[in-house]
Amino acid sequence: MRIRTRVVRAGLASPTQGEPFLAGVTFAGTYHAAGDPSASPYTYGRYHNPTWTRFECALGELEGGIALSFASGMAAVAAVLGSALRPGDVLVMPSDSYYTSRLLADGFFAQMGVKVRKARTAGGALAQQLDGARLLWLETPSNPGLDVCDIRALAEAAHKVDALVAVDNTTATMLGQHPLELGADFSVASDTKGLTGHADLILGHVAVRDTAWADKLRSWRTQVGAVPGPMEVWLAHRSLATLEMRLNRQCHNAQIIAEFLASRLDVTGIRYPGLPEDPAHEVAARQMQFYGPVVSFVLADRARAEGFLSACELIIEATSFGGLHTTAERRARWGGDMIPEGFIRLSVGCEDDQDLVYDLAQALDCAKQVA
Ligand SMILES: *Cc1c(COP(=O)(O)O)cnc(C)c1O
């Protein structure tokens, strides 16, 4: 079956007379489980839940592996780092990866004796750091800089020195790029973003090919208690069915917007992997099925960027990305990323492309007049 069918049907049981296609959510702390616990498929809510089982079946099918749902993207990141790393191990990580992933590595894992080495995503610099590494962490396209690295080439280089490879696939989603197929050992994502795409929940997942790693990650989740709420998981499964439709529209809109921004003299530093002139385009075209919903660009300074955001009428000023409502933010307001003060991260949604271009044009003109 083709991807458009698979994404709509993933995780659905064969239909039963009188039953919904997508079973309702199961809210459960405890289950009736008499005698030997292994005699009952479900016992206690921190270990398992039938709503998780169906959603994880869908994720696993689309990732090409075994998937586990976590309470958040960071819970999923922490599960991989926590299961794979021991004191003395070397973690190689992009210096331009998601800020909180770097904070976790530097703040907690480095303090417990993990050596953290960093290099930029672009230009193959990560491959130079692999000597003696236990885990290579990749994030491509990187958030928020949108640089891209070659997953297949880096996974080969890492495996040659017996390092494991994890890819934070949040920006692309598993329809945009298939890390396990490209050679990664772990495919990690924040499902808060594009995968669920409605800006209404926090969730994450990890997928692996290997059952031993799946067991380790499951033990981590159970013992740490980084478990997702059944309602969030049910909403996520419902949202997953429209992922291909949403991504299609979002990427179509993002391409048009990136081209429009490239025509403006007051906009610099436009990054979108789908633009043929983008430095990431060549590798992106080889390994991505969708270029994603995020476009970034730079305005003259902080005042111009703030003026632009407050002049937007349709585009909502908000953090995060991947949702069906177009949002934008001045990313440097958070700190922690090596980006200019006027850097804007635009998350392109599912509205009409001409309405979005119109709003961008009027807001840019407005910010120019005030400046
Ligand atoms: C948002 C994000 C995370 C963290 O996800 P949460 O769901 O907020 O915990 C991790 N990696 C990337 C690339 C992200 O954008």
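Indexing begins at 1, ligand by ligand and atom by atom, following the structure's order.
Of all protein heavy atoms, the one lying nearest to atom 11 (N) of ligand 1 is Asp168 OD2, 2.6 Å. The nearest protein atom to atom 9 (O) of ligand 1, hydrogens excluded, is given as Met74 N, 2.8 Å; this is a heavy-atom distance. Ranking the protein heavy atoms by distance from atom 15 (O) of ligand 1 puts Lys193 NZ, 2.7 Å first. Looking from atom 7 (O) of ligand 1 to the surrounding protein, the closest heavy atom is Thr192 OG1, 2.6 Å. Atom 10 (C) of ligand 1 has as its closest protein heavy atom Tyr98 CD2, 3.4 Å.
Within 6.0 Å of atom OH in Tyr42, more than 12 heavy atoms from other residues, nucleotides or ligands are found, so the atom counts as buried in its surroundings.
The distance from atom CG of Asp215 to atom CD1 of Ile66, rounded to the nearest 0.5 Å, is 7.5 Å.
Distances from ligand 1 to the non-hydrogen atoms of Asn143 include at least one value under 4.0 Å.
When atom types are taken as modelled, the side chain of Thr171 and the backbone of Pro141 share a donor-acceptor pair closer than 3.5 angstrom.
For the residue pair Thr121 / Asp96, a side-chain donor-acceptor distance below 3.5 Å is found, with atom types taken as modelled.
When each atom of ligand 1 is checked for a heavy atom of Ser190 under 4.0 Å away, the hits are 1 (C), 2 (C), 3 (C), 4 (C), 5 (O), 6 (P), 7 (O).
Relative orientation of the Trp213 and Phe186 rings is perpendicular, given thresholds of 30° and 60° on the angle between their planes.
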